[in-house]
*Asks:* 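Take this structure first; my questions come after.
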Amino acid sequence: MRRAALRLCALNKRLLTPNRGLTQGAQEPRTQGILRMHEACSTIHVNHVRNKLREIVGVSTNWRDHVKAMEERKSLHTLLPTSQQGLPPRTMKDSYIEVLLPLGSEPELREKYVTVQNTVRFGRILEDLDSLGVLICYMHNRDQSAKMSPLSIVTALVDKIDMCKKSLSPEQDIKFSGHVSWVGKSSMEVKMQMFQLHGDEFSPVLGATFVMVARNSENKGPAFVNPLIPETPEEEELFRQGELNKGKRIAFSSSSLLKMAPSAEERTTIHEMFLSTLDPKTISFQSRVLPPNAVWMEKTKLKSLEVCHPQERNIFNRIFGGFLMRKAYELGWATACSFGGSRAFVVAVDDIMFQKPVDIGSLLFLSSQVCFTQNNYIQVRVHSEVASLQNKEHMTTNVFHFTFMSEKEVPLVYPRTYGESMLYLDGKRHFGSMSAEVTMRNDRLVEH
(Lines give C-alpha, C1' and ligand atoms only; values in the text may rest on other atoms or scores of the structure.)
Protein backbone atom coordinates (compact mmCIF):
# COMPACT_ATOMS: atom_id res chain seq x y z
CA MET A 1 0.00 0.00 0.00
CA ARG A 2 1.20 3.50 -0.79
CA ARG A 3 1.01 6.21 1.81
CA ALA A 4 -0.81 9.32 2.27
CA ALA A 5 -4.18 10.53 1.32
CA LEU A 6 -3.01 13.44 3.42
CA ARG A 7 -0.28 14.07 0.83
CA LEU A 8 -2.93 13.92 -1.90
CA CYS A 9 -5.04 16.61 -0.25
CA ALA A 10 -1.94 18.69 0.48
CA LEU A 11 -0.95 18.45 -3.20
CA ASN A 12 -4.36 19.56 -4.41
CA LYS A 13 -4.36 22.46 -1.98
CA ARG A 14 -0.86 23.50 -3.09
CA LEU A 15 -1.85 23.42 -6.75
CA LEU A 16 -4.77 25.78 -6.09
CA THR A 17 -2.61 28.70 -4.96
CA PRO A 18 -2.90 32.48 -5.41
CA ASN A 19 -0.52 32.47 -8.38
CA ARG A 20 -3.26 30.83 -10.43
CA GLY A 21 -5.81 33.48 -9.60
CA LEU A 22 -6.88 32.20 -6.21
CA THR A 23 -6.56 34.22 -3.05
CA GLN A 24 -7.16 33.75 0.63
CA GLY A 25 -7.14 37.48 1.28
CA ALA A 26 -8.75 39.15 4.25
CA GLN A 27 -11.64 36.93 5.24
CA GLU A 28 -13.96 36.32 8.10
CA PRO A 29 -12.62 33.71 10.57
CA ARG A 30 -15.27 31.17 9.52
CA THR A 31 -14.10 31.28 5.90
CA GLN A 32 -10.38 31.69 6.47
CA GLY A 33 -8.35 29.07 4.61
CA ILE A 34 -10.84 28.52 1.79
CA LEU A 35 -9.30 29.35 -1.56
CA ARG A 36 -11.18 32.03 -3.51
CA MET A 37 -11.15 33.50 -7.01
CA HIS A 38 -10.15 37.10 -7.73
CA GLU A 39 -13.21 37.29 -9.96
CA ALA A 40 -15.50 37.51 -6.92
CA CYS A 41 -16.32 33.80 -6.85
CA SER A 42 -19.56 33.50 -4.89
CA THR A 43 -20.26 30.63 -2.55
CA ILE A 44 -23.39 28.67 -3.44
CA HIS A 45 -25.60 27.06 -0.80
CA VAL A 46 -25.67 23.29 -1.26
CA ASN A 47 -29.47 23.33 -1.60
CA HIS A 48 -29.20 25.66 -4.60
CA VAL A 49 -26.89 23.48 -6.70
CA ARG A 50 -29.59 21.32 -8.26
CA ASN A 51 -31.87 24.36 -8.73
CA LYS A 52 -29.06 26.10 -10.60
CA LEU A 53 -28.62 23.00 -12.77
CA ARG A 54 -32.32 23.08 -13.65
CA GLU A 55 -32.01 26.74 -14.65
CA ILE A 56 -29.02 26.00 -16.90
CA VAL A 57 -30.72 23.07 -18.61
CA GLY A 58 -34.19 24.64 -18.60
CA VAL A 59 -36.13 21.70 -17.25
CA SER A 60 -39.26 21.71 -15.15
CA THR A 61 -39.26 21.11 -11.40
CA ASN A 62 -42.64 19.36 -11.70
CA TRP A 63 -42.78 15.73 -12.77
CA ARG A 64 -46.06 16.22 -14.65
CA ASP A 65 -44.35 18.75 -16.95
CA HIS A 66 -41.18 16.78 -17.62
CA VAL A 67 -42.22 15.43 -21.04
CA LYS A 68 -43.00 18.92 -22.33
CA ALA A 69 -39.74 20.31 -20.92
CA MET A 70 -37.63 17.63 -22.59
CA GLU A 71 -39.44 18.18 -25.89
CA GLU A 72 -38.50 21.85 -25.71
CA ARG A 73 -34.83 20.89 -25.35
CA LYS A 74 -34.82 19.15 -28.73
CA SER A 75 -34.66 22.48 -30.55
CA LEU A 76 -31.36 23.29 -28.80
CA HIS A 77 -29.44 20.89 -31.03
CA THR A 78 -28.95 23.71 -33.54
CA LEU A 79 -26.74 25.47 -30.98
CA LEU A 80 -24.27 22.59 -30.77
CA PRO A 81 -20.91 23.16 -32.53
CA THR A 82 -19.82 20.82 -35.30
CA SER A 83 -16.21 20.80 -34.05
CA GLN A 84 -14.24 21.62 -30.93
CA GLN A 85 -12.17 24.19 -32.82
CA GLY A 86 -15.16 26.51 -32.98
CA LEU A 87 -15.42 26.72 -29.19
CA PRO A 88 -13.52 29.31 -27.13
CA PRO A 89 -10.92 27.83 -24.74
CA ARG A 90 -11.45 28.05 -21.00
CA THR A 91 -9.13 28.20 -18.01
CA MET A 92 -9.38 26.26 -14.77
CA LYS A 93 -10.50 29.31 -12.85
CA ASP A 94 -13.44 29.75 -15.26
CA SER A 95 -15.10 26.66 -13.78
CA TYR A 96 -14.00 27.11 -10.16
CA ILE A 97 -16.93 26.89 -7.72
CA GLU A 98 -17.36 26.85 -3.95
CA VAL A 99 -20.41 25.34 -2.28
CA LEU A 100 -21.37 25.74 1.37
CA LEU A 101 -23.00 23.02 3.45
CA PRO A 102 -23.91 25.02 6.60
CA LEU A 103 -24.39 22.20 9.08
CA GLY A 104 -23.31 24.45 11.95
CA SER A 105 -25.73 27.27 11.28
CA GLU A 106 -28.77 25.38 9.95
CA PRO A 107 -29.94 22.65 12.38
CA GLU A 108 -32.83 21.69 10.09
CA LEU A 109 -30.35 20.86 7.31
CA ARG A 110 -28.22 18.89 9.78
CA GLU A 111 -31.02 16.35 10.25
CA LYS A 112 -30.55 15.22 6.65
CA TYR A 113 -26.83 14.50 7.19
CA VAL A 114 -26.48 13.25 10.76
CA THR A 115 -26.05 9.59 11.72
CA VAL A 116 -27.13 7.92 14.94
CA GLN A 117 -23.44 7.97 15.99
CA ASN A 118 -23.44 11.78 15.56
CA THR A 119 -21.23 11.71 12.45
CA VAL A 120 -21.93 12.82 8.87
CA ARG A 121 -23.61 10.52 6.35
CA PHE A 122 -21.05 9.90 3.64
CA GLY A 123 -23.80 8.80 1.24
CA ARG A 124 -25.18 12.34 1.33
CA ILE A 125 -21.70 13.69 0.61
CA LEU A 126 -21.54 11.50 -2.49
CA GLU A 127 -24.80 13.03 -3.70
CA ASP A 128 -23.44 16.54 -3.22
CA LEU A 129 -20.17 15.75 -5.01
CA ASP A 130 -22.05 14.34 -7.99
CA SER A 131 -24.25 17.44 -8.36
CA LEU A 132 -21.27 19.75 -7.90
CA GLY A 133 -19.25 17.91 -10.56
CA VAL A 134 -22.01 18.38 -13.12
CA LEU A 135 -22.42 22.08 -12.27
CA ILE A 136 -18.66 22.65 -12.58
CA CYS A 137 -18.73 21.23 -16.10
CA TYR A 138 -21.64 23.46 -17.10
CA MET A 139 -19.67 26.46 -15.82
CA HIS A 140 -16.74 25.38 -18.00
CA ASN A 141 -18.97 25.22 -21.08
CA ARG A 142 -21.32 28.11 -20.34
CA ASP A 143 -22.33 30.45 -23.14
CA GLN A 144 -23.54 33.79 -21.78
CA SER A 145 -25.53 34.48 -24.96
CA ALA A 146 -27.61 31.29 -24.65
CA LYS A 147 -30.57 31.16 -22.28
CA MET A 148 -30.25 27.39 -21.85
CA SER A 149 -27.31 25.06 -22.36
CA PRO A 150 -27.67 22.67 -25.32
CA LEU A 151 -25.40 20.18 -23.55
CA SER A 152 -26.51 17.25 -21.45
CA ILE A 153 -23.68 16.63 -18.98
CA VAL A 154 -23.73 13.36 -17.07
CA THR A 155 -21.40 11.49 -14.73
CA ALA A 156 -19.42 8.79 -16.51
CA LEU A 157 -17.03 7.68 -13.79
CA VAL A 158 -16.03 8.27 -10.20
CA ASP A 159 -12.32 7.71 -10.64
CA LYS A 160 -11.23 8.11 -7.03
CA ILE A 161 -12.29 9.56 -3.70
CA ASP A 162 -9.65 9.53 -0.97
CA MET A 163 -10.24 10.47 2.64
CA CYS A 164 -7.58 12.59 4.34
CA LYS A 165 -9.28 13.55 7.60
CA LYS A 166 -10.24 11.43 10.55
CA SER A 167 -13.55 12.90 11.63
CA LEU A 168 -16.54 14.76 10.29
CA SER A 169 -18.75 16.61 12.74
CA PRO A 170 -22.42 17.19 11.88
CA GLU A 171 -22.26 20.47 13.81
CA GLN A 172 -19.58 22.28 11.80
CA ASP A 173 -19.91 23.89 8.37
CA ILE A 174 -18.56 22.06 5.33
CA LYS A 175 -17.33 23.57 2.08
CA PHE A 176 -16.77 21.98 -1.30
CA SER A 177 -14.62 23.45 -4.05
CA GLY A 178 -13.70 22.20 -7.50
CA HIS A 179 -12.90 22.93 -11.13
CA VAL A 180 -12.32 21.19 -14.45
CA SER A 181 -8.74 19.86 -14.52
CA TRP A 182 -8.58 18.09 -17.91
CA VAL A 183 -10.62 18.09 -21.11
CA GLY A 184 -10.88 15.72 -24.07
CA LYS A 185 -13.24 16.14 -27.01
CA SER A 186 -16.44 15.30 -25.14
CA SER A 187 -15.19 14.32 -21.69
CA MET A 188 -13.96 16.33 -18.71
CA GLU A 189 -12.10 15.43 -15.55
CA VAL A 190 -13.20 17.34 -12.45
CA LYS A 191 -11.10 17.75 -9.29
CA MET A 192 -13.03 18.47 -6.11
CA GLN A 193 -12.09 18.95 -2.49
CA MET A 194 -14.10 18.98 0.69
CA PHE A 195 -13.22 20.99 3.80
CA GLN A 196 -14.71 21.22 7.28
CA LEU A 197 -14.48 24.05 9.75
CA HIS A 198 -12.16 23.30 12.67
CA GLY A 199 -11.67 26.19 15.03
CA ASP A 200 -11.38 29.28 12.84
CA GLU A 201 -10.29 27.67 9.57
CA PHE A 202 -11.37 25.01 7.09
CA SER A 203 -9.26 21.85 6.92
CA PRO A 204 -9.16 19.32 4.01
CA VAL A 205 -11.36 16.24 4.41
CA LEU A 206 -11.26 14.51 1.04
CA GLY A 207 -10.09 14.81 -2.55
CA ALA A 208 -12.22 13.50 -5.43
CA THR A 209 -11.74 12.94 -9.15
CA PHE A 210 -14.83 12.54 -11.35
CA VAL A 211 -15.10 12.11 -15.12
CA MET A 212 -18.07 13.74 -16.84
CA VAL A 213 -19.21 13.46 -20.46
CA ALA A 214 -21.12 15.93 -22.60
CA ARG A 215 -23.95 14.72 -24.79
CA ASN A 216 -26.37 16.46 -27.11
CA SER A 217 -29.54 18.24 -26.02
CA GLU A 218 -31.55 15.00 -26.03
CA ASN A 219 -28.81 13.05 -24.22
CA LYS A 220 -28.56 10.66 -27.17
CA GLY A 221 -25.08 11.28 -28.58
CA PRO A 222 -21.71 12.88 -27.78
CA ALA A 223 -21.15 16.63 -27.96
CA PHE A 224 -18.00 18.73 -28.08
CA VAL A 225 -16.80 20.66 -25.02
CA ASN A 226 -14.70 23.80 -24.71
CA PRO A 227 -10.93 23.22 -24.75
CA LEU A 228 -8.96 23.82 -21.53
CA ILE A 229 -5.84 25.99 -21.43
CA PRO A 230 -3.55 25.63 -18.38
CA GLU A 231 -2.17 29.00 -17.27
CA THR A 232 0.50 28.09 -14.71
CA PRO A 233 3.01 25.26 -14.14
CA GLU A 234 0.72 23.92 -11.40
CA GLU A 235 -2.21 23.81 -13.80
CA GLU A 236 -0.05 22.18 -16.46
CA GLU A 237 0.78 19.47 -13.92
CA LEU A 238 -2.92 18.94 -13.19
CA PHE A 239 -3.66 18.69 -16.92
CA ARG A 240 -0.76 16.25 -17.42
CA GLN A 241 -2.08 14.16 -14.55
CA GLY A 242 -5.48 14.09 -16.26
CA GLU A 243 -3.85 12.64 -19.39
CA LEU A 244 -2.07 10.03 -17.26
CA ASN A 245 -5.34 9.16 -15.50
CA LYS A 246 -6.98 8.56 -18.87
CA GLY A 247 -4.16 6.21 -19.85
CA LYS A 248 -4.38 4.35 -16.54
CA ARG A 249 -8.11 3.87 -16.96
CA ILE A 250 -7.63 2.44 -20.44
CA ALA A 251 -4.88 0.10 -19.22
CA PHE A 252 -6.93 -1.01 -16.20
CA SER A 253 -9.93 -1.72 -18.42
CA SER A 254 -7.89 -3.68 -20.98
CA SER A 255 -6.45 -5.89 -18.22
CA SER A 256 -9.85 -6.55 -16.67
CA LEU A 257 -10.42 -10.12 -15.52
CA LEU A 258 -13.53 -10.09 -17.71
CA LYS A 259 -11.19 -9.77 -20.72
CA MET A 260 -7.86 -11.34 -19.74
CA ALA A 261 -6.72 -14.27 -17.62
CA PRO A 262 -5.14 -13.57 -14.23
CA SER A 263 -1.41 -13.02 -14.08
CA ALA A 264 0.93 -15.87 -13.07
CA GLU A 265 1.26 -14.36 -9.59
CA GLU A 266 -2.52 -14.08 -9.23
CA ARG A 267 -3.02 -17.67 -10.39
CA THR A 268 -0.51 -18.82 -7.79
CA THR A 269 -2.37 -16.86 -5.10
CA ILE A 270 -5.68 -18.51 -5.94
CA HIS A 271 -4.16 -21.98 -6.16
CA GLU A 272 -2.47 -21.59 -2.78
CA MET A 273 -5.75 -20.44 -1.25
CA PHE A 274 -7.48 -23.47 -2.77
CA LEU A 275 -4.87 -25.87 -1.39
CA SER A 276 -5.17 -24.32 2.07
CA THR A 277 -8.89 -25.23 2.12
CA LEU A 278 -8.48 -28.93 1.28
CA ASP A 279 -9.44 -31.31 4.08
CA PRO A 280 -6.22 -33.11 5.16
CA LYS A 281 -8.28 -36.09 6.34
CA THR A 282 -9.74 -36.91 2.93
CA ILE A 283 -7.10 -35.57 0.50
CA SER A 284 -9.88 -34.84 -2.02
CA PHE A 285 -10.55 -31.91 -4.31
CA GLN A 286 -14.23 -32.11 -3.36
CA SER A 287 -13.79 -31.77 0.41
CA ARG A 288 -13.18 -28.18 1.50
CA VAL A 289 -12.68 -26.74 4.96
CA LEU A 290 -11.99 -23.18 6.03
CA PRO A 291 -8.69 -22.23 7.64
CA PRO A 292 -8.85 -20.57 11.09
CA ASN A 293 -10.28 -17.04 11.22
CA ALA A 294 -11.72 -17.23 7.71
CA VAL A 295 -15.16 -16.88 6.09
CA TRP A 296 -16.46 -18.18 2.77
CA MET A 297 -17.07 -15.28 0.40
CA GLU A 298 -20.57 -16.53 -0.40
CA LYS A 299 -21.56 -15.88 3.24
CA THR A 300 -20.78 -12.14 3.08
CA LYS A 301 -23.62 -10.96 0.83
CA LEU A 302 -26.35 -8.42 1.52
CA LYS A 303 -29.04 -7.36 -0.95
CA SER A 304 -31.60 -4.59 -1.26
CA LEU A 305 -34.30 -3.36 -3.64
CA GLU A 306 -35.24 0.23 -4.50
CA VAL A 307 -38.30 1.40 -6.41
CA CYS A 308 -37.14 4.36 -8.50
CA HIS A 309 -39.62 7.16 -7.84
CA PRO A 310 -39.75 10.55 -9.64
CA GLN A 311 -38.49 12.28 -6.48
CA GLU A 312 -34.99 10.88 -7.15
CA ARG A 313 -34.77 12.00 -10.78
CA ASN A 314 -31.98 14.13 -12.20
CA ILE A 315 -32.41 17.11 -14.52
CA PHE A 316 -32.78 14.73 -17.49
CA ASN A 317 -35.51 12.66 -15.81
CA ARG A 318 -33.37 9.64 -15.12
CA ILE A 319 -32.45 8.48 -11.63
CA PHE A 320 -29.91 10.83 -10.05
CA GLY A 321 -26.43 9.28 -10.04
CA GLY A 322 -25.75 10.59 -6.55
CA PHE A 323 -28.82 8.71 -5.28
CA LEU A 324 -27.46 5.48 -6.77
CA MET A 325 -24.09 6.09 -5.10
CA ARG A 326 -25.71 6.82 -1.75
CA LYS A 327 -27.81 3.66 -1.78
CA ALA A 328 -24.87 1.52 -2.92
CA TYR A 329 -22.59 3.06 -0.31
CA GLU A 330 -25.04 2.52 2.54
CA LEU A 331 -25.51 -1.13 1.58
CA GLY A 332 -21.74 -1.55 1.30
CA TRP A 333 -21.27 0.08 4.71
CA ALA A 334 -23.84 -2.26 6.27
CA THR A 335 -22.06 -5.22 4.66
CA ALA A 336 -18.70 -4.14 6.10
CA CYS A 337 -20.19 -3.62 9.57
CA SER A 338 -21.98 -6.97 9.52
CA PHE A 339 -18.87 -8.79 8.32
CA GLY A 340 -16.41 -7.09 10.66
CA GLY A 341 -18.65 -7.17 13.71
CA SER A 342 -17.94 -3.49 14.47
CA ARG A 343 -18.38 -0.01 13.06
CA ALA A 344 -16.82 0.50 9.64
CA PHE A 345 -15.26 3.69 8.30
CA VAL A 346 -14.82 4.62 4.66
CA VAL A 347 -11.24 5.01 3.43
CA ALA A 348 -11.65 5.22 -0.35
CA VAL A 349 -14.17 5.03 -3.18
CA ASP A 350 -12.74 3.69 -6.40
CA ASP A 351 -13.66 3.21 -10.05
CA ILE A 352 -17.44 3.65 -10.16
CA MET A 353 -18.46 3.29 -13.80
CA PHE A 354 -21.94 4.44 -14.85
CA GLN A 355 -22.68 1.89 -17.56
CA LYS A 356 -26.40 2.41 -18.12
CA PRO A 357 -28.89 5.09 -17.03
CA VAL A 358 -31.70 4.10 -14.68
CA ASP A 359 -35.21 5.07 -15.77
CA ILE A 360 -37.93 6.38 -13.48
CA GLY A 361 -40.19 3.53 -12.38
CA SER A 362 -37.49 0.87 -12.61
CA LEU A 363 -36.73 -1.71 -9.96
CA LEU A 364 -33.16 -1.28 -8.76
CA PHE A 365 -31.48 -4.41 -7.36
CA LEU A 366 -28.33 -3.91 -5.28
CA SER A 367 -26.07 -6.79 -4.24
CA SER A 368 -23.13 -6.19 -1.90
CA GLN A 369 -20.31 -8.60 -1.10
CA VAL A 370 -16.98 -8.59 0.72
CA CYS A 371 -14.41 -9.61 -1.87
CA PHE A 372 -11.06 -8.99 -0.15
CA THR A 373 -9.77 -8.34 3.38
CA GLN A 374 -6.44 -7.49 4.93
CA ASN A 375 -5.84 -6.73 8.61
CA ASN A 376 -8.53 -4.13 9.48
CA TYR A 377 -9.44 -3.37 5.86
CA ILE A 378 -12.55 -4.61 4.05
CA GLN A 379 -12.96 -4.29 0.27
CA VAL A 380 -16.65 -4.31 -0.69
CA ARG A 381 -18.10 -4.63 -4.17
CA VAL A 382 -21.68 -3.53 -4.83
CA HIS A 383 -23.36 -4.64 -8.06
CA SER A 384 -26.34 -2.68 -9.33
CA GLU A 385 -28.83 -3.94 -11.89
CA VAL A 386 -32.19 -2.71 -13.09
CA ALA A 387 -35.40 -4.18 -14.44
CA SER A 388 -38.70 -2.64 -15.46
CA LEU A 389 -41.99 -3.69 -13.91
CA GLN A 390 -43.03 -5.22 -17.24
CA ASN A 391 -39.69 -6.71 -18.29
CA LYS A 392 -38.02 -9.23 -15.99
CA GLU A 393 -34.68 -8.97 -17.80
CA HIS A 394 -31.97 -7.54 -15.55
CA MET A 395 -29.33 -5.15 -16.89
CA THR A 396 -26.17 -4.11 -15.03
CA THR A 397 -26.04 -0.35 -14.46
CA ASN A 398 -23.11 0.14 -12.07
CA VAL A 399 -20.37 -1.64 -10.15
CA PHE A 400 -19.17 0.16 -7.01
CA HIS A 401 -15.91 -0.40 -5.13
CA PHE A 402 -15.56 0.76 -1.51
CA THR A 403 -12.67 0.36 0.91
CA PHE A 404 -13.60 0.35 4.59
CA MET A 405 -11.61 0.08 7.80
CA SER A 406 -13.01 -1.80 10.78
CA GLU A 407 -12.35 -0.98 14.42
CA LYS A 408 -10.77 -4.39 14.84
CA GLU A 409 -8.98 -6.95 12.70
CA VAL A 410 -11.37 -8.85 10.44
CA PRO A 411 -11.42 -12.46 9.19
CA LEU A 412 -9.92 -13.46 5.86
CA VAL A 413 -12.41 -14.05 3.06
CA TYR A 414 -12.01 -17.18 0.91
CA PRO A 415 -13.51 -17.85 -2.53
CA ARG A 416 -15.06 -21.25 -3.15
CA THR A 417 -15.73 -21.07 -6.91
CA TYR A 418 -13.78 -19.81 -9.91
CA GLY A 419 -16.14 -16.85 -10.28
CA GLU A 420 -15.59 -15.89 -6.64
CA SER A 421 -11.84 -16.23 -7.17
CA MET A 422 -12.05 -13.62 -9.92
CA LEU A 423 -14.02 -11.34 -7.58
CA TYR A 424 -11.30 -11.84 -4.97
CA LEU A 425 -8.53 -10.89 -7.40
CA ASP A 426 -10.51 -7.89 -8.65
CA GLY A 427 -11.01 -6.71 -5.08
CA LYS A 428 -7.32 -7.22 -4.36
CA ARG A 429 -6.45 -5.09 -7.38
CA HIS A 430 -8.72 -2.26 -6.30
CA PHE A 431 -7.39 -2.43 -2.76
CA GLY A 432 -3.85 -2.28 -4.09
CA SER A 433 -4.64 0.84 -6.13
CA MET A 434 -5.82 2.76 -3.08
CA SER A 435 -3.85 5.96 -2.64
CA ALA A 436 -3.10 5.56 1.05
CA GLU A 437 -2.79 3.12 3.88
CA VAL A 438 -4.76 5.02 6.46
CA THR A 439 -3.58 4.74 10.04
CA MET A 440 -6.62 6.30 11.68
CA ARG A 441 -7.26 3.74 14.36
CA ASN A 442 -8.07 5.86 17.38
CA ASP A 443 -10.36 8.48 15.85
CA ARG A 444 -13.43 8.49 13.67
CA LEU A 445 -13.52 8.29 9.92
CA VAL A 446 -16.67 8.99 7.95
CA GLU A 447 -19.58 6.65 8.55
CA HIS A 448 -22.78 6.00 6.67
Side-chain angles (χ1 to χ4, degrees), residues 1-5 8 122 126 129 155-164 206-211 244-263 265-267 269-270 273 295 297 300-302 324-325 328-336 339-340 344-355 366-384 396-406 410-415 418-438 445-446:
M1 297 289 295
R2 296 181 298 277
R3 289 189 180 278
L8 170 72
F122 187 68
L126 290 175
L129 287 171
T155 306
L157 172 71
V158 178
D159 190 9
K160 181 72 70 175
I161 300 176
D162 285 304
M163 304 301 301
C164 56
L206 64 78
T209 302
F210 281 45
V211 177
L244 292 175
N245 290 341
K246 177 184 177 182
K248 290 177 182 177
R249 287 190 289 267
I250 293 173
F252 196 84
S253 175
S254 62
S255 63
S256 167
L257 291 167
L258 292 172
K259 300 177 181 178
M260 295 185 66
S263 67
E265 181 181 354
E266 289 174 330
R267 292 195 297 270
T269 297
I270 292 301
M273 293 183 75
V295 176
M297 186 184 293
T300 67
K301 292 182 181 179
L302 286 181
L324 299 176
M325 286 194 284
Y329 171 81
E330 290 175 349
L331 181 62
W333 178 86
T335 303
F339 176 81
F345 309 92
V346 64
V347 174
V349 181
D350 177 47
D351 193 30
I352 299 175
M353 179 73 73
F354 288 81
Q355 301 177 19
L366 296 171
S367 178
S368 179
Q369 186 170 23
V370 176
C371 53
F372 178 80
T373 61
Q374 180 176 296
N375 301 326
N376 290 50
Y377 293 96
I378 306 170
Q379 189 70 32
V380 177
R381 179 183 187 270
V382 181
H383 181 261
S384 166
T396 296
T397 61
N398 304 82
V399 178
F400 305 84
H401 302 274
F402 302 107
T403 306
F404 295 95
M405 188 179 72
S406 179
V410 299
L412 296 173
V413 63
Y414 270 72
Y418 186 81
E420 288 179 348
S421 297
M422 296 304 100
L423 289 178
Y424 178 90
L425 292 178
D426 187 55
K428 190 173 186 293
R429 288 181 179 184
H430 282 283
F431 182 75
S433 69
M434 193 172 60
S435 295
E437 181 174 359
V438 182
L445 281 169
V446 185

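Residue numbers start at 1 and run along the sequence shown. Since the model is a prediction, treat every value here as computed from it, not as a measurement.
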*Asks:* Starting at CG of Leu157, measure out to OG1 of Thr209 and round the result to the nearest 0.5 Å.
*Replies:*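 It is 9.5 Å, given to the nearest 0.5 Å.
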*Asks:* To the nearest 0.5 Å, what is the distance between CG (Asn398) and CG (Leu324)?
*Replies:*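 Spacing of CG (Asn398) from CG (Leu324) equals 5.5 Å.
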*Asks:* Among residues at least two apart in sequence or on other chains, which ones pass side-chain contact (heavy atoms from CB on, under 4.5 Å) with Ser367?
*Replies:*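 Lys303.
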*Asks:* Whether the Gln355 and Thr397 side chains hold a donor-acceptor pair (N or O, under 3.5 Å, no angle test) is what I'd like checked.
*Replies:*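 Their side chains do not contain a donor-acceptor pair, so the 3.5 Å distance test is not met.
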*Asks:* Could you tell me whether the side chain of Phe400 reaches within less than 4.5 Å of the side chain of Arg381, counting heavy atoms only?
*Replies:*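 SC-SC contact between Arg381 and Phe400 ruled out.
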*Asks:* Can you sort out the partners of His430 under ring pair (Phe, Tyr, Trp, His ring centres under 6.0 Å), two or more places apart, ordered by chain and number?
*Replies:*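 Listed in chain order: Phe252, His401.
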*Asks:* In this structure, which one of Tyr377, Tyr329, Phe339, Phe345 forms a ring-ring contact (aromatic ring centres under 6.0 Å, His included) with Phe404?
*Replies:*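 With Phe404 as partner, ring-ring contact (aromatic ring centres under 6.0 Å, His included) holds for just one option, Tyr329.
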*Asks:* Output all residues satisfying side chain to side chain donor-acceptor pair (under 3.5 Å) with Arg249, sequence neighbours left out; order by chain, then residue number.
*Replies:*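 Partners of Arg249 by the side chain to side chain donor-acceptor pair (under 3.5 Å) criterion, ordered by chain and then number, come out as Asp159.
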*Asks:* Identify whether the distance between the nearest side-chain nitrogen and carboxylate oxygen of Lys428 and Glu266 falls below 4.0 Å.
*Replies:*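 A salt bridge is absent here (no side-chain N lies under 4.0 Å from a carboxylate O).
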*Asks:* Verify, without hydrogens or angle tests, whether Gln369 (side chain) and Met297 (backbone) share a donor-acceptor contact under 3.5 angstrom.
*Replies:*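 Side chain of Gln369 to backbone of Met297, a donor-acceptor pair under 3.5 Å: yes, one is there.
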*Asks:* Looking at every heavy atom in both Pro415 and Met273, which two are closest together, and how far apart are they?
*Replies:*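 Minimum heavy-atom separation between Pro415 and Met273: CD-CE, 3.5 Å.
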*Asks:* If you take all heavy atoms of Ala344 and Ala336, which pair is closest and at what distance?
*Replies:*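 Shortest heavy-atom separation between Ala344 and Ala336 comes out as CB-CB, 3.8 Å.
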*Asks:* For the residue pair Ser368 and Thr335, what are the closest heavy atoms and their distance?
*Replies:*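 Nearest heavy atoms, Ser368 then Thr335: OG-OG1, 2.8 Å.
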*Asks:* Kindly say whether Pro411 contributes a backbone atom to a donor-acceptor pair with the side chain of Thr373 at under 3.5 angstrom?
*Replies:*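 Looks like yes, one N/O pair under 3.5 Å.
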